[in-house]
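Note sheet for the following structure.
In this text the structure is predicted, and so the values were computed from the model without any measurement. Nothing fancy with the numbering, it's 1 onward along the sequence.
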Amino acid sequence: MSGMTSDTRRKVLLTGATGGVGQLLEERLADSYDLVLTGRTPRTELEKRELIKADLSDFDEVLDLMEGVDTVLHVAGAASPTSEWDSVLQANIIGFRNVLEAARQAGVRRFVFASSNHAMGMYDRDGEWPVYPHFLPRGDSLYGVSKIFGEALGRFYHDEYGIDFISLRIGWQAENPMEIDTDVLHAMWLSDDDAEQVFRCAIEADVTFGLYYAISDNPNRRWDLTNTMLDLGYRPKDSWTDASGASEDVVEGGKPAPKNWPEDS
């Protein structure tokens, strides 16, 4: 199989390895996969030894990363819903296209894309819950729109070229769910352990395409996990109430999102 090393471990390219989600995946997946790390400023001893610095807007630099790679975990990019157009364009549109096209040219089997709840965020702003993966995308920001672009381009590359494309609409990834006291963020919290699990599922599942919410087992969540559980085998273990010792204040229909949504999200 393409991308398999002599010890049968998959060779996995992790973009954005120096970011929050990237560092979590680097730490949790290194024992299971032959990781190739790319990012900006090395933050760990492993990154100081092994990090490959690459400008994702430079296609040739990106293509050089792909030799022998079986799976790409693409978590790099502008990560804030308040990101301005120039950063979104370079990182989330041009950079994303370069990584996906380089993966195609190199014969990479699978591409796992870190999408976002913000691709559907207008449903959240307007309190139009529950939200299902098959709903029409409704980005709440230029950042959200860039994630919709990534999902659409990934669908095209899957249909046209046959590359596996798994898109994870990540909720609110934070170690402490009480870091911000906002109900809608608690509802979409994704714990470290569940983040590790859902990315492992995305790497290993038999399904070859899909859009999936990636959220923990929060009692007040408004986003459907059915296909994430059925297609990927994901079984969330954590909830923000268990992690914080707090309890949910039940409001029929769900507490509204903050009026300034998606700021501070």
One thing to verify: whether Asp140 and Arg125 come together as a salt bridge, which I'm taking to mean a side-chain N less than 4.0 angstrom from a carboxylate O. no
Can you tell me how far apart CD (Glu45) and CD (Glu50) are? Round to the nearest 0.5 Å. 11.5 Å
Is there a path of hydrophobic side-chain contacts, each under 4.5 Å between heavy atoms, that joins Leu29 and Leu232? yes
Checking Arg9 against Tyr33: charged group under 6.0 Å from the ring centre and within 45 degrees of the axis? no
Sub-3.5 Å donor-acceptor pair from the side chain of Asn218 to the main-chain atoms of Asn220, do we have one? no
Glu196 and Glu27: CA distance, side-chain angles, deciding distance, side-chain contact (heavy atoms from CB on, under 4.5 Å) verdict: CA-CA 10 Å; Glu196 174 191 354; Glu27 176 185 343; over 6 Å; no
Report yes or no: does Thr44 contribute a side-chain atom to a donor-acceptor pair with the main-chain N or O of Glu47 at less than 3.5 Å? yes
Suppose we call two aromatic rings close when their centres sit under 6.0 Å apart. Are Tyr157 and Phe165 close by that rule? no
Check whether the side chains of Asp231 and Tyr212 place a donor and an acceptor atom closer than 3.5 Å, and report yes or no. yes
For Phe149, check ring pair (Phe, Tyr, Trp, His ring centres under 6.0 Å) against everything at least two apart and list the hits. none
Check whether Ile203 and Val207 end up in the same hydrophobic cluster, where Ile, Leu, Val, Met, Phe, Trp and Tyr are linked by side-chain heavy atoms less than 4.5 Å apart. yes
Point-to-point distance, once rounded to the nearest 0.5 Å, from OG1 of Thr182 to CH2 of Trp261: 8.0 Å
Counting only heavy atoms not in Asp206 (residues, nucleotides, ligands), do more than 12 fall under 6.0 Å from its CG? no
Going by atom types only, do Asp164 and Thr208 share a side-chain donor-acceptor pair under 3.5 Å? no
Determine yes or no for a side-chain-to-main-chain donor-acceptor pair under 3.5 angstrom, with Lys11 supplying the side chain and Glu67 the backbone. yes
Would you check if there is a donor-acceptor pair between the side chains of Ser115 and Glu151 at a distance under 3.5 Å? yes
How about His118 and Trp172: are their ring centres within less than 6.0 Å of each other? no
Polar side-chain atom of Ser244 near backbone of Ala246 as donor-acceptor pair, under 3.5 Å: yes
Do Gln105 and Glu101 have side-chain atoms, one donor and one acceptor, less than 3.5 Å apart? yes
Can you find a side-chain donor-acceptor pair between Arg200 and Ser32 that sits under 3.5 Å? yes
Would one find more than 12 heavy atoms of other residues, nucleotides or ligands at under 6.0 Å from atom CD of Glu175? no
When rounded to the nearest 0.5 angstrom, what distance separates CG in Leu35 from CG in Leu46? 8.0 Å
What I'd like to find out is whether the side chain of Met178 reaches to under 4.5 Å of the side chain of Trp240, using heavy atoms alone. yes
How far does CG of Asn92 sit from CG of Leu56, to the nearest 0.5 angstrom? 10.0 Å
Test item: Arg110 side-chain N/O and Val108 main-chain N/O as donor-acceptor pair under 3.5 Å: no
Test your reading of the model: is there a side-chain donor-acceptor pair from Asp124 to the backbone of Val184, 3.5 Å cut-off? no
For Arg138, is there an ion pair with Glu128 - N to carboxylate O distance below 4.0 angstrom? yes
Starting from the C-alpha separation in whole Å, work towards a yes-or-no answer on side-chain contact (heavy atoms from CB on, under 4.5 Å) for Leu51 and Thr18. CA-CA 9 Å; Leu51 187 74; Thr18 59; 3.8 Å; yes
Looking only at side chains, do Thr226 and Asp224 share a donor and an acceptor under 3.5 Å apart? yes
Should Ile148 and Ile94 be counted in the same cluster of Ile, Leu, Val, Met, Phe, Trp and Tyr side chains packed under 4.5 Å apart? no
Do the side chains of Asp193 and Lys237 get close enough for a salt bridge, i.e. N-O under 4.0 angstrom? no
Please check this pair: side chain of Asn98 against backbone of Ser57, looking for a donor-acceptor N/O pair closer than 3.5 Å. yes
For residues Tyr143 and Tyr123: do they belong to one hydrophobic cluster (side chain heavy atoms under 4.5 Å, members Ile, Leu, Val, Met, Phe, Trp, Tyr)? no
Indicate yes or no for a side-chain donor-acceptor contact from Asp194 to the backbone of Asp238 under 3.5 Å, with no hydrogens or angles considered. yes
Is there a donor-acceptor contact under 3.5 Å from the side chain of Glu61 to the main chain of Ala54? no
Does Leu230 share a hydrophobic cluster with Phe209, counting links as ILVMFWY side-chain heavy atoms below 4.5 Å and allowing steps through other members? no
Would a distance-only check, ignoring hydrogens and angles, find a side-chain to backbone donor-acceptor pair under 3.5 Å from His74 to Phe113? no
For the pair Trp129 and Trp223, name the ring-plane relationship: parallel under 30°, tilted 30 to 60°, perpendicular over 60°. perpendicular
Euclidean distance, Trp189 CH2 relative to Ser239 OG, rounded to 0.5 Å: 7.0 Å
How about CD on Glu204, more than 12 heavy atoms from neighbouring residues, nucleotides or ligands closer than 6.0 Å, or not? yes
Side-chain heavy-atom pair Leu100, Leu153 within 4.5 angstrom cut-off: yes
Rounded to the nearest 0.5 Å, how far does CG of Leu190 lie from CZ of Arg169? 15.0 Å
